[in-house]
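Everything below concerns the one structure shown next.
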Amino acid sequence: MTVTTQRSQPEIDHSTHRFETDILAGLGQPQKSIPCQYFYDEAGSLLFEQITELPEYYPTRAELSILKSCASVIAEKTEPGTALVEFGSGSSIKTDILLAACPAIEHYVPIDVSQTSLELAKERLALAFPTLRVDPVLGDFSGLVTLPVDLKDVPKLGFFPGSTIGNFGHEAAVCLLAGFRDVLGGRSRLIVGADLRKSPLILIPAYNDAAGVTAAFNLNLLVRINRELGGSFQLENFKHLATYDDVAGRINMWLVSTARQTVSVRGHVFQFEAGERIHTEISQKYGVAELQGLAAQAGWTATAVWTGTEGLFSVHEFVCAS
């Protein structure tokens with residue numbers, strides 16, 4: 001197994017500056033917010049892996065079940081020498097299903113902001129798929145991503161599982177999918193996992209688990225700001241909250257101030273009233289046609305969709321429209 005590590009330029013080199021800029025801007029808005037990509041420092045990535053194993057959190061189990069059932073169909077369309085490019089790879093657990101089903105995949109390019117996740121994934125894949133070439137890219141998949149130059153002319157299969165598409169509003173989702181198209185180029189296909197609309201009785205517990213892991217994941221944002229930006233957040237003065245907007249079809253996650261307080265970050269002072277919220281994440285739930293329409297705007301053609309027997313989740317296949 002060949003392993004090299006590539007750094008996405010220039011974005012990752014200025015990540016601390018960008019983090020500071022985004023946090024100060026977000027906290028300075030009338031509706032305070034923190035961009036959700038900052039969940040995933042090393043601690044946040046590990047906490048999210050714990051979330052995926054919680055009994056309340058159905059998306060991971062539902063998606064794994066669907067991928068196992070449709071992997072052979074995906075494999076039939078995969079050309080020899082294909083490079084599998086995963087946007088936001090994490091631990092790459094779901095990737096195993098495609099790699100095992102698709103011997104035509106000879107290269108794997110995981111893209112993630114966590115060096116630890118990339119290292120753990122490549123160590124595990126070296127044992128499971130010893131002939132696979134792995135070229136990790138350390139960087140933010142929503143920004144500028146550069147693939148290895150020698151993969152320019154090989155067919156590519158993009159992989160974007162986990163309903164991460166739901167973290168983007170509709171316009172941002174179109175831009176993201178268009179960016180994936182630019183990265184993958186012609187002859188490319190894209191597999192996207194997306195959560196389906198459903199009852200709040202199922203949704204709310206998935207984002208507010210009894211064990212408090214999601215709460216710790218959310219509050220870790222404040223831990224990171226304190227550590228990296230010299231913030232003065234007192235964690236005991238904030239609590240996790242998840243709500244569902246039935247009209248928009250999305251979960252919203254918040255950090256709620258439990259007292260009137262003052263917080264400083266890099267010398268900037270922010271006032272909080274008791275009950276005031278910081279918006280930290282959206283998780284959009286899609287109808288099948290809804291997501292296919294967004295993909296079409298981004299230059300993709302829908303060719304298949306799988307929703308499983310329980311109808312909780314969807315896995316889509318798109319092909320480059322030109």
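Given the structure is predicted, the values throughout are model-derived calculations rather than measurements. All residue numbers refer to positions in the sequence shown, counting from 1.
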Step through it carefully: locate the ring centre of Phe39, locate the ring centre of Phe48, and say whether they are under 6.0 Å apart. no
Are Leu54 and Gln50 packed together at the side-chain level, in the sense that at least one heavy-atom pair is separated by less than 4.5 angstrom? no
Glu171 atom CD, neighbour heavy-atom count above 12 within 6.0 Å: no
Hey, do the aromatic rings of Phe318 and His316 have their centres closer than 6.0 Å? yes
Mind checking whether Glu86 and Pro161 have side chains closer than 4.5 Å, heavy atoms only? yes
Less than 4.5 Å apart, side chain to side chain, heavy atoms only: is that true for Tyr58 and Leu203? yes
What orientation do His279 and Trp254 show, parallel under 30°, tilted 30 to 60°, or perpendicular over 60°? tilted
Test salt bridge (charged side-chain N to carboxylate O under 4.0 Å, His left out) applied to Glu79 and Arg187, step by step: CA-CA 10 Å; Glu79 299 179 49; Arg187 300 173 60 198; 2.9 Å; yes
Tyr108/Phe159 aromatic ring centres below 6.0 Å: no
Just so I know, are the side chains of Glu49 and Thr52 near enough to count as touching, which here means a heavy-atom distance under 4.5 Å? yes
Please check if any side-chain donor atom of Glu281 sits under 3.5 Å from a side-chain acceptor atom of Asn167, or the reverse. yes
Quick check with a 6.0 Å cut-off and a 45 degree axis cone: is Lys198 positioned over the face of Phe313's six-membered ring? no
Pairwise side-chain contact, Val265 with Phe233, heavy-atom cut-off 4.5 Å (strictly under): yes
Using the side chain to side chain donor-acceptor pair (under 3.5 Å) rule, collect all pairs that involve residues 199-214, keeping only residues at least two apart or in two chains. Tyr207-Ser283, Tyr207-Lys285, Asp209-Thr214
I want to check something: taking the side chain as every heavy atom from C-beta on, are Arg260 and Glu276 in contact at a cut-off of under 4.5 Å? no
Please state whether the rings of Phe19 and Tyr38 are parallel, tilted or perpendicular, taking 30° and 60° as the class boundaries. tilted
Among Val192, Leu196, Asp195, side chain to side chain contact (heavy atoms under 4.5 Å, CB included) partner for Ser163: Asp195
Which residues pass the side-chain hydrogen bond (donor to acceptor under 3.5 Å, both in side chains) test with Thr60, not counting sequence neighbours? none
